[in-house]
Amino acid sequence: MSDGVEYITVTLDTLRGRLDQLLSDGGRMQMAYAWFPEPTVPEVRYLAAPGSGQPLQVWQCATDHGHVPSLALRAPLLGWYEREMQDLYGLTFDGHPEPYPLIIDGPASGTDLLQPEGHPHRALHAPLAMPRVNNPQVQLLSFGPVRADVMESAQFLFFYLGEAIAHYQPHLFFKHRGMETRFEGTDPLAGSVLAERVSGVGSVAHGLAYCQAVEDASDCVVPLRARQLRVLLAELERIYNHLHYFGQLADATTLKVGQAEGRLLEERVKQLAGRLSGQRFMRNVLTPGGLRRDMAVPLDLSDTLGRLRDQVESYLTQLARTTSYLDRLITTGVLTREVAFDQGATGPVERASGLDRDMRRDHPYAAYADLPVGVPLADAGDADARAKVRAAELRVSFDLIELLLPQLQPGATRAPCVVKPSSCGLGWSESPRGSLYYAVHIDKFGALKRVKIKSPSFSNWRAFPFTVHQTNMMDYAINEASFGLTIAGCDR
Amino acid sequence: MSLWTLRGLGQGIATTNWPEKADGDSGQQETLGMPRISAERCSDSCRRCEEVCPTQAIRLDTRGHLASLDYGRCIACQLCVEACPSGTLQASDEWAFGVRERADLQWSLDPGALAGEKLAAHIEKSFRGSLHIRHVDAGSCNGCESELQALNNPFYNLHRLGIFFTASPRAADLLLVTGTVTAAMREPLLATWQAMPEPHRVLACGTCAVSGGVCGNTYASGTGLDGILPVDIWLPGCPPNPAAIIEALLLLLERKPQRVRGGLPHEP
């Protein structure tokens, strides 16, 4: 297990005190999940990030016959993780402020999930838990799960009065595929193909976090060239995602040419990714231990990216000069720093609310330790701030690749990776949408026993509704586009 | 706003001349497609391809030789190609795998096992000039959506082919389904299908919609459209690239011939 993570055994009665200590030291919880070290004995694991410069902490916590005190009132971002554990692993979080199902209509025993025939009577989607509305003037608009245009499936409920939204509730997890259980029982060395297919537009980030988790569980040292090429793949993924984001934002603000230009730039990067890696989403390259095959980096890649960068600069400059576009973004969907922190917002979303965190700089992986990772910030927390942060991140990504290419070392791209039986590992990456974690547990035969995926969109969907309550319908689409959320990663 | 218009005009035409010009730029240079089955003989009792395939698309005979490959399950992950020591399975750039019959995605050493080729039902004349698509994400990884959204970018510019995405199922001719059909999406998917006027067609887009793909058969995921809706075109791919989706749409409209029969691509 890597030096970057500290494992601590915590008892139930000291859990809350430890959380208070973490928060008062400026730290934050990252995720929580359950697993079964023994068939009927669950354990809860909390991932905590203490203040900057300190290693991540994993708190291992045995339950009291499946009961655990809820920490959601003190650390609201844990609310969804606790509900997920209630639904999928049959645990009970005592004192939870929102105890109703989130993902599926549980509770169910986690071990039973492996046998679908064991649950003929269970509804595999959580029913809606809606607030009671007393004012007869308030109307309910339900939108989705099949939405206009080519969109991922999710249902949105608006309680509204005229143009004003009184309360907003997303109904997610229609796309819950049970991806975490899909890993169970398989060979850890073969799992990157699965991880790459959890969230398509985060294929590299997911593959990378997974590979690093397995490498952590096997003390594998990845060769330098492989780590450098991983940075190249990850930054190309960020570039096409952020360009897609600007296309979406231009579309939401009815800037049709701006939309077309963003989409065209995105397409050029995807085609470049296809030529480099053989696949437009850069799938099928990563593996625990390095890369499945060396990548021939064309000599003119630097020039190609330079030309692309000029086009991107010109596009971003034009957007920043368009008053009709800026008018719709400024003051729209404000996420305050406090809410962003409490609800667990991550990535460009939290950085636009003034929270200075980036896994590439704070907990470097791949070859990021050798590169100066700039972390752009903004304070306003509105749609404009989120767009500005992403624009600045695009420039940082081009900078990073520019610095990386001359440093690329020849040599091996794959090291042998021998997984230790009965071990566990943690891997992470800063995906285009924020922090992404994979926790893997290996059984005594060397197969995967449990894989937990914490995707950035799971975090940001939790924070997003706080920017919608008490706003208006006209701003909703723009606000949603400004978050740049995916649903596949959240639902898994 | 007027500045944007001028800016757009100043950038000229970005749209490819493919597929009107067969040698035009499909945008997929150097991308890898489904594995090709070469004439090279398998090594005896090798079994490596079957062992690495994450979707059980490969079946071997008693000698351990390749007996069948179901491209409807293939996610083009290239693991079998990398594992194959004898060169029987090779990397290829074949990605246009849209077919009318599910059986046409199945390659078998023993072609007698193949279902007889069925004549394609002729597409309604009214569809040929213009087609309106209602897309439903029935539990995808968002990869297929990303490529479907790319169809409307200036490079592919789907509109030029008379094909449009529409918001309402009432105005749609084709239901294009991505994803495995999760437990929670089954009902909304069927409701969308029932809301469409007849005649209506179904395209299963991506290996998940064809067979469940890598996500198939968990407690919640489902195994694709088989047995749920009457599928007119099966298009595996993980995800199918935008050019492959265009080929499949034109196949539906009988504006392009089917390239793959019995799991083998043929030049049209």
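No experiment lies behind these values; they were computed from the predicted model shown. Naming: A, B, ... by sequence-line order, numbering from 1 per chain.
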Peer 1: Specify which of A/Arg321, A/Met179, A/Glu261, A/Arg283 makes the most heavy-atom pairs with chain B at under 4.5 Å.
Peer 2: A/Glu261
Peer 1: Select one option (side chain, backbone, both, neither) describing which atoms of A/Ser203 are under 4.5 Å from chain B's heavy atoms.
Peer 2: neither
Peer 1: Regarding A/Arg450 and A/Glu180, does a basic nitrogen lie under 4.0 Å from an acidic carboxylate oxygen?
Peer 2: yes
Peer 1: When heavy-atom pairs shorter than 4.5 Å are enumerated against chain A, which of B/Ala191, B/Ser140, B/Ala14 gives the highest number?
Peer 2: B/Ser140
Peer 1: When you look at B/Ile133 and B/Phe165, which way does the side chain to side chain contact (heavy atoms under 4.5 Å, CB included) test go after all the steps?
Peer 2: CA-CA 5 Å; B/Ile133 306 170; B/Phe165 285 95; 3.8 Å; yes
Peer 1: Identify which of A/Ala190, A/Gly262, A/Gly258, A/Ala273 forms the greatest number of heavy-atom pairs closer than 4.5 Å to chain B.
Peer 2: A/Gly258
Peer 1: For the backbone of B/Gly87 and the side chain of B/Ser38, can you confirm whether one donor and one acceptor N or O come within less than 3.5 Å of each other?
Peer 2: yes
Peer 1: Could you check whether the rings of A/Tyr245 and A/His242 sit parallel, tilted or perpendicular, using 30° and 60° as the cut-offs?
Peer 2: tilted
Peer 1: Sort B/Cys144 into side chain, backbone, both or neither according to what part of it lies under 4.5 angstrom from a heavy atom of chain A.
Peer 2: neither
Peer 1: For the atom pair CZ (A/Arg492) and NZ (A/Lys175), what is the distance rounded to the nearest 0.5 Å?
Peer 2: 13.0 Å
Peer 1: Hydrogens and angles aside, do A/Asn284 and B/Gln78 bring a side-chain donor and acceptor to less than 3.5 Å of each other?
Peer 2: no
Peer 1: Got a second to check how far B/Cys141's SG is from A/Asp491's CG, nearest 0.5 Å?
Peer 2: 12.5 Å
Peer 1: Heavy-atom pairs under 4.5 Å with chain B are the metric here; pick the option from A/Lys270, A/His244, A/Glu266, A/Arg293 that has the most.
Peer 2: A/Lys270
Peer 1: I need the residue from A/Met151, A/Gln155, A/Glu196 with the largest number of non-hydrogen atom pairs under 4.5 Å to chain B.
Peer 2: A/Met151
Peer 1: Under a 4.0 Å N-O cut-off, is there an ion pair linking A/Lys256 with A/Asp251?
Peer 2: yes
Peer 1: With a 4.5 angstrom heavy-atom cut-off, which part of B/Glu147 approaches chain A: side chain, backbone, both or neither?
Peer 2: both
Peer 1: In terms of heavy-atom pairs under 4.5 Å, which option from B/Ala91, B/Gly8, B/Ala138, B/Pro239 contacts chain A the most?
Peer 2: B/Pro239
Peer 1: From B/Ile58 CD1 over to B/Arg47 CZ, what is the distance, rounded to the nearest 0.5 angstrom?
Peer 2: 11.5 Å
Peer 1: What residue, out of A/Gly202, A/Ser314, A/Pro145, has the most heavy-atom pairs lying under 4.5 Å from chain B?
Peer 2: A/Ser314
Peer 1: Any donor-acceptor pair under 3.5 Å linking the side-chain atoms of B/Glu145 with those of B/Gln149?
Peer 2: no
Peer 1: Under 4.5 Å, heavy atom to heavy atom: which of residues 275-282 of chain A reach chain B? Give them by number, or say none.
Peer 2: A/Arg275, A/Gly278, A/Gln279, A/Arg280, A/Phe281
Peer 1: For B/Thr180, which atoms come within 4.5 Å of any heavy atom of chain A: side chain, backbone, both, or neither?
Peer 2: side chain
Peer 1: Picking from B/Val52, B/Leu79, B/Leu151, B/Val136, which has the most non-hydrogen pairs under 4.5 angstrom with chain A?
Peer 2: B/Leu79
Peer 1: Using only heavy-atom distances, determine whether the side chains of A/Arg263 and B/Asn152 contain a donor-acceptor pair under 3.5 Å.
Peer 2: no
Peer 1: In a check of side-chain contact (heavy atoms from CB on, under 4.5 Å) between A/Leu436 and each of A/Ser199, A/Ser455, A/Ser457, which one passes?
Peer 2: A/Ser455
Peer 1: Side chain from CB out, backbone as N, CA, C, O: work out which of these in A/Leu319 comes under 4.5 Å of a heavy atom of chain B, or both, or neither.
Peer 2: both
Peer 1: With the side chain counted from C-beta on, respond yes when B/Ile246 and B/Pro19 share a heavy-atom pair under 4.5 Å apart, and no when they do not.
Peer 2: yes
Peer 1: Under a 4.5 Å heavy-atom cut-off, does chain B meet the side chain of A/Tyr315, its backbone, both or neither?
Peer 2: both
